[in-house]
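As C-alpha cells, the structure follows; a few thoughts come after it.
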Number of protein chains: 2
Amino acid sequence: MSGQQRTRVDTVFDGIFDLILSGEIPLGGVVNEATLAERFKVSRGPVREAVKALQGRGLIVKEPYFKARVVDLDVKDMIEIFQLRESVEGMSVKLATRAMSDESMNRLLHDFEQAGGNGRVLDLHVRIAKECGNRRIESLLCDELYYLLRLYRARSGSTPGRHDNASAEHWQILRGMKSRDAELAESLMRAHIARATAALQRLLDTDTANANAPAPAQPRRERKESEA
Amino acid sequence: MSGQQRTRVDTVFDGIFDLILSGEIPLGGVVNEATLAERFKVSRGPVREAVKALQGRGLIVKEPYFKARVVDLDVKDMIEIFQLRESVEGMSVKLATRAMSDESMNRLLHDFEQAGGNGRVLDLHVRIAKECGNRRIESLLCDELYYLLRLYRARSGSTPGRHDNASAEHWQILRGMKSRDAELAESLMRAHIARATAALQRLLDTDTANANAPAPAQPRRERKESEA
DNA sequence: GGCTGTAAAAGTGTCAACACTATCAGCCAT
DNA sequence: ATGGCTGATAGTGTTGACACTTTTACAGCC
C-alpha cells in the first residue's frame with residue numbers, strides 16, 4: 001500500500017529541477033521539450049506536463065507557441081520575494097512558537113547549538129516553517145520561495161557582510177521562541193528579513209546607478225543551452 | 001497577433017474552473033479526464049495539462065493513477081488561509097499605502113464611496129493587492145487565495161454577523177491609507193482579518209463540539225486522506 | 001452466508017505521429 | 001545596400017492508440 005508510485009512526470013520534474021539548480025540550464029535559458037525528452041528517455045508528453053508543473057511553481061515562464069525559459073531572477077524579484085517572506089515568516093515563527101511542544105523546541109535548540117551556525121542559512125527558516133502547523137504557509141515557504149532563493153544564490157552569492165549579523169539574529173529569534181514570546185519572535189524575524197531586504201535595496205540602488213553611467217548593459221540575448 | 005494565443009489548454013483550464021466555481025463539479029467531486037475531454041470537444045492531452053495546472057494552483061488534488069478530485073475545503077483549511085492572509089495582506093496594504101499615487105488613492109476612495117459597501121467584500125482586498133506594486137504578493141492573493149475563498153463561500157456562506165463589522169473596518173483601513181500611515185493601515189488590516197479568523201475558530205470549536213457529542217450517522221465521505 | 005481470489009471494466013499514464021506557429025535564411029523590389 | 005516578402009526549418013500544440021493501474025463484479029471456497 002505504499003503510496004508513492006513515482007510516475008515519469010515526477011521523475012522528469014525532479015530531473016529538470018536538478019538541471020536548473022545545478023546550473024546546467026542557466027537562468028533565463030531555453031527549455032527544449034524534445035531535447036529533455038531524449039535526455040530522460042521518455043516521450044514529450046511527460047516533459048510537457050512536468051514543464052507545466054514547473055511553470056505553475058514559478059520556475060519556468062512560457063507563452064503559447066514560444067520557447068519555455070527558466071525564470072530569470074533579478075534583484076527586483078528578490079526584493080519582492082523578501083517582502084513576502086518578511087510577512088509570512090513573521091507569521092510562521094509566531095505560530096511555531098505557540099504550536100511547538102517543549103521537546104520539539106528543545107530539539108530545535110539543541111540542533112542549532114550543535115551546528116554552531118555552520119548549517120546553511122535557510123535551515124533554521126525551513127525548520128521553523130515545518131513546525132508552524134500551517135501546511136499552506138509551510139508549502140509556500142518550503143516548496144516555492146526557498147527554491148527561488150537557492151536559485152538566486154547559486155548565481156550571485158548572497159549579499160556580502162550579512163552572514164555574521166544573520167547568525168546573531170538567528171540566536172535572538174531562537175531565544176524569543178524558547179521563552180514562548182510569540183510576538184517577540186515575530187518582530188525579530190520580520191526585522192531580520194527586513195534587514196536583508198534593505199541590503200538588497202542598496203544593491204539595487206548601486207546597480208542602477210552603475211547601469212546609468214557606463215551603460216554597457218547588453219540586453220540579455222538568447223543564451224544557447226549547452227548540451228552535455 | 002498581439003493578444004494571447006489562447007491555446008486549448010487555456011480554454012479547458014477556464015472551463016473546468018467555471019465548472020468548479022458554479023458547483024457543477026462539487027467540492028471533493030471527481031474530475032474525469034475523458035468526460036471533460038468530450039465536453040470541451042478536445043483530446044485528453046489538453047485536459048491533462050489543464051488539470052495539472054489546476055493542481056499546481058491548489059484547486060485540484062490528485063495522486064498517480066487515482067482519480068483527480070476538486071479540493072475539499074473545510075474550516076481548518078480556511079483558518080490556515082486566513083492566517084496566511086493576515087500576514088500577506090498586512091504587507092500588501094502597507095506597500096500599497098506607500099506606493100499609490102495621489103490620483104490612484106483618490107480613485108480608490110471615490111469608487112468605494114460610490115459603491116457604499118455594496119460591492120462584494122473581496123473587492124477592496126483585490127484592489128489593494130493590485131496596487132501594492134509587488135507582483136508576487138498580488139499573484140499570491142489574487143490568483144491563488146481569493147479563488148479558494150470564493151470556492152469556500154460558494155459552498156458555505158460567509159461567517160454570519162461579520163458583514164456589518166467588516167464594512168466599518170474597511171473604511172478604517174481606507175482612512176489609514178488616505179492619511180499615508182502605512183503602519184496603521186497594516187495593523188488595521190491584520191486586525192480585520194484576525195477577527196475573521198477568530199470567527200472561523202469559534203465555528204470550528206462548535207463544529208467539533210457538535211461532532212463529538214451527538215455522534216450522528218457516519219460521515220458519508222469517500223476516501224479522504226487522513227493527516228496526522 | 002461471508003470471505004477471498006480472479007477476471008473484466010474503467011480510468012490514468014505514455015507514446016509516436018500529425019497539425020499549427022514562430023523563426024530564420026535567402027530572394028526580390030525599391 | 002536596405003527593407004520587406006517568401007519559403008524552409010525548428011519547435012510547440014494536439015490527437016488517437018496503446019500500456020499500466022485501480023476498481024468493481026463475480027465465481028468459487030470456507
Side-chain angles (χ1 to χ4, degrees), chain A residues 1-16 19-20 25-26 28-56 59-71 219-227, chain B residues 1-16 19-20 25-26 28-56 59-71 220-226:
Chain A
M1 297 264 187
S2 56
Q4 288 85 340
Q5 192 69 18
R6 277 210 75 68
T7 172
R8 288 192 217 275
V9 178
D10 300 326
T11 310
V12 174
F13 182 96
D14 294 341
I16 299 178
L19 289 182
I20 295 176
I25 306 179
V30 175
V31 178
N32 185 312
E33 291 179 4
T35 306
L36 291 171
E38 191 188 351
R39 180 172 169 79
F40 294 112
K41 301 283 189 298
V42 295
S43 164
R44 272 181 49 220
V47 174
R48 281 181 63 80
E49 291 190 38
V51 168
K52 201 90 182 171
L54 266 324
Q55 189 185 351
L59 275 90
I60 283 181
V61 292
K62 177 166 174 338
E63 286 177 85
Y65 291 107
F66 281 71
K67 309 171 198 240
R69 312 180 88 94
V70 178
V71 66
R220 197 169 277 103
R221 209 59 240 170
E222 172 157 342
R223 253 173 294 181
K224 192 79 170 72
E225 176 196 349
S226 48
E227 246 289 80
Chain B
M1 61 183 73
S2 55
Q4 280 86 346
Q5 193 69 14
R6 276 207 76 67
T7 171
R8 294 207 212 288
V9 179
D10 299 325
T11 309
V12 174
F13 182 96
D14 295 341
I16 298 177
L19 289 183
I20 296 176
I25 306 179
V30 175
V31 177
N32 185 311
E33 293 179 2
T35 306
L36 291 171
E38 193 191 349
R39 190 186 212 302
F40 294 113
K41 300 282 189 298
V42 295
S43 165
R44 270 182 50 222
V47 174
R48 281 182 62 81
E49 292 190 38
V51 169
K52 200 89 184 172
L54 267 323
Q55 189 184 352
L59 276 90
I60 284 181
V61 293
K62 176 167 176 334
E63 286 178 84
Y65 290 107
F66 281 71
K67 309 172 201 244
R69 311 181 89 93
V70 178
V71 66
R220 194 141 295 145
R221 286 278 161 70
E222 300 198 56
R223 216 136 275 157
K224 278 198 58 171
E225 76 279 28
S226 45

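Just so you know, these numbers use all the heavy atoms, side chains as well, and skip hydrogens, waters and symmetry mates. Numbered from 1 within each chain, the chains take letters A, B, ... in sequence-line order.
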Review point. Just how far, in rounded Å, is P of D:dT12 from CD1 of A:Ile60?
Key: 11 Å

Review point. In whole Å, what is the span from the CZ atom of B:Arg69 to the P atom of D:dT23?
Key: 10 Å

Revision key, fill the gap. By nearest-nucleotide position on DNA chain C, the 5'-leaning member of B:Asn32 and A:Phe66 is B:Asn32

Check your understanding: Think B:Thr7 has a side-chain N or O under 4.0 angstrom from the OP1 or OP2 of D:dT12?
Key -> no

Exercise for review: Verify the contact: side-chain N or O of A:Lys62 to OP1 or OP2 of D:dG13, cut-off strictly under 4.0 Å; return yes or no.
Suggested key: yes

Review point. Side chains of A:Lys52 and A:Ile60: closer than 4.5 Å at any heavy-atom pair?
Key: no

Point to revise | Heavy-atom check, side chain of A:Val42 versus side chain of A:Val12, under 4.5 Å | key: yes

Exercise for review: Keeping the roles fixed (side chain from B:Arg69, backbone from B:Gly28), state whether a donor-acceptor pair exists under 3.5 Å.
Suggested key: yes

Review point. Side-chain contact, heavy-atom cut-off 4.5 Å: B:Val70 with B:Val31?
Key: yes

Check your understanding: Are the side chains of A:Asn32 and A:Lys67 in touch, meaning some heavy atoms are under 4.5 Å apart?
Key -> no

**Study point:** Interatomic distance where NZ belongs to A:Lys67 and P belongs to D:dG11 [whole Å]
**Key:** 6 Å

Exercise for review: Answer yes or no: is there a donor N or O on one side and an acceptor on the other, between the side chain of B:Arg44 and the main chain of B:Ala34, under 3.5 Å?
Suggested key: no

Exercise for review: Report the distance from atom CD of A:Glu33 to atom P of D:dG13, rounded to the nearest whole Å.
Suggested key: 6 Å

Revision key, fill the gap. In whole angstroms, the gap separating P of D:dA19 from OH of B:Tyr65 amounts to 13 Å

Point to revise | Spacing between A:Glu38 atom CD and C:dC15 atom P, to the nearest angstrom | key: 13 Å

Exercise for review: Keeping the roles fixed (side chain from A:Asp14, backbone from A:Thr11), state whether a donor-acceptor pair exists under 3.5 Å.
Suggested key: no

Revision key, fill the gap. Residues in residues 42-55 of chain B with a heavy atom under 4.0 Å of DNA chain D, by number, are B:Val42, B:Ser43, B:Gly45, B:Pro46

Check your understanding: How long is the line joining CZ of A:Arg8 and P of C:dT14, in whole Å?
Key -> 6 Å

Practice item. Would you kindly give the CZ-to-P distance between A:Arg6 and C:dG13, to the nearest whole Å? Key: 14 Å

